[in-house]
Amino acid sequence: MIGSLRQSIFQKTDVSKPADVKGLVERAVGEFGRLDLAFKQRRDGPASKYHSTNQDIDKATTLFDVNIRACSTAMKYEIEQMLKTGGGAIVNTSSIFGLNGYPGWSLYVATKHAVTA
């Protein structure tokens, strides 16, 4: 019956590290037996830190690692598990910046467009 399980787990995960992401998916499957749904949403914090004038190359790399690479890494491991059991659903949340550009926000907008795509 849908909604009859009300169990949850927590696992600290650095999404910029593929091994952490793989471990998270494996733990979910280990705890619950299969993976039917994956939902990813990232709370970005103060928006001003993503303005292009505040970006240096290290911050830009981190932004791309967390917003793009982590999303596709997670989908790789999620899809592997879902295919074993006949499918599932993956929801990747982006932001309004995944649909529109905004002056001075090119790096952030680029990462959100990638997630939307």
Side-chain angles (χ1 to χ4, degrees):
M1 179 165 72
I2 295 175
S4 62
L5 295 176
R6 298 187 190 272
Q7 181 182 357
S8 63
I9 58 172
F10 172 80
Q11 180 167 318
K12 185 176 180 180
T13 304
D14 181 342
V15 297
S16 69
K17 296 179 179 176
D20 277 16
V21 175
K22 182 179 182 183
L24 175 65
V25 172
E26 288 174 346
R27 175 144 184 235
V29 171
E31 293 277 338
F32 301 109
R34 59 185 286 155
L35 185 66
D36 295 309
L37 172 67
F39 176 79
K40 291 177 284 308
Q41 180 174 355
R42 179 174 180 264
R43 185 167 186 268
D44 295 311
S48 61
K49 74 180 181 179
Y50 298 112
H51 194 277
S52 297
T53 59
N54 295 331
Q55 293 293 321
D56 62 30
I57 195 65
D58 291 332
K59 288 180 185 174
T61 299
T62 299
L63 187 64
F64 277 67
D65 282 350
V66 171
N67 283 358
I68 301 171
R69 186 171 166 231
C71 187
S72 55
T73 298
M75 287 192 304
K76 170 191 174 12
Y77 297 120
E78 293 160 358
I79 290 167
E80 284 175 0
Q81 292 299 324
M82 290 176 180
L83 288 175
K84 291 177 183 179
T85 56
I90 298 174
V91 178
N92 298 316
T93 303
S94 179
S95 80
I96 191 66
F97 290 108
L99 301 173
N100 300 305
Y102 197 77
W105 292 68
S106 59
L107 295 174
Y108 183 76
V109 167
T111 66
K112 292 303 182 174
H113 269 75
V115 171
T116 299

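Just so you know, residue 1 is the first one in the sequence shown, and it goes up from there.
- Hydrophobic clustering (ILVMFWY, side-chain heavy atoms < 4.5 Å, transitive): Trp105 and Leu99 are in one cluster.
- Residue Gln11 holds its CD atom at 7.5 Å from CG of Asp20, rounded to the nearest 0.5 Å.
- Linking Ile, Leu, Val, Met, Phe, Trp and Tyr residues whenever their side-chain heavy atoms come within less than 4.5 Å places Val109 and Ile96 in a single cluster.
- Proximity of Glu31 to Glu26: side-chain heavy atoms (C-beta onward) are nowhere separated by under 4.5 Å.
- What you find for Lys12 and Phe10 is that their closest heavy atoms are N-CE2, 3.5 Å.
- Taking OG1 from Thr111 and CD1 from Ile68, the interatomic distance works out to 5.5 Å, rounded to the nearest 0.5 Å.
- A ring-ring contact (aromatic ring centres under 6.0 Å, His included) with Tyr108 is found for one member of Phe64, Phe97, Tyr102 and no other, namely Phe97.
- Here SG of Cys71 is found 9.0 Å from NZ of Lys112. Values are rounded to the nearest 0.5 Å.
- Side chain of Arg34 to main chain of Gln81: no donor-acceptor pair is present (N/O by atom type, distance under 3.5 Å, no hydrogens or angles).
- Atom NZ of Lys22 has 12 or fewer heavy atoms from other residues, nucleotides or ligands within 6.0 Å.
- Residues passing the side-chain contact (heavy atoms from CB on, under 4.5 Å) test with Lys76, sequence neighbours excluded: Glu80.
- Closest heavy-atom contact between Asp36 and Gly87: OD1-O, 4.3 Å.
- Remark: Leu63 CG to Arg69 CZ distance equals 14.0 Å, nearest 0.5 Å.
- Considering all non-hydrogen atoms of both residues, Ala74 and Lys40 come closest at CB-CD, 3.7 Å.
- Here the straight-line distance linking atom CG of Asn67 with atom OG of Ser95 works out to 8.5 Å at 0.5 Å rounding.
- When only modelled atom types and interatomic distance are considered, Ser16 and Asp65 share no side-chain donor-acceptor pair under 3.5 Å.
- Grouped with Leu83 in one hydrophobic cluster are Val15, Val21, Val25, Val29, Leu35, Val66, Met75, Tyr77, Ile79, Met82, Ile90, the linkage being side-chain heavy-atom contacts under 4.5 Å among Ile, Leu, Val, Met, Phe, Trp and Tyr residues.
- In this structure, Leu107 and Ala60 approach most closely via the heavy-atom pair CD1-CB, 3.8 Å.
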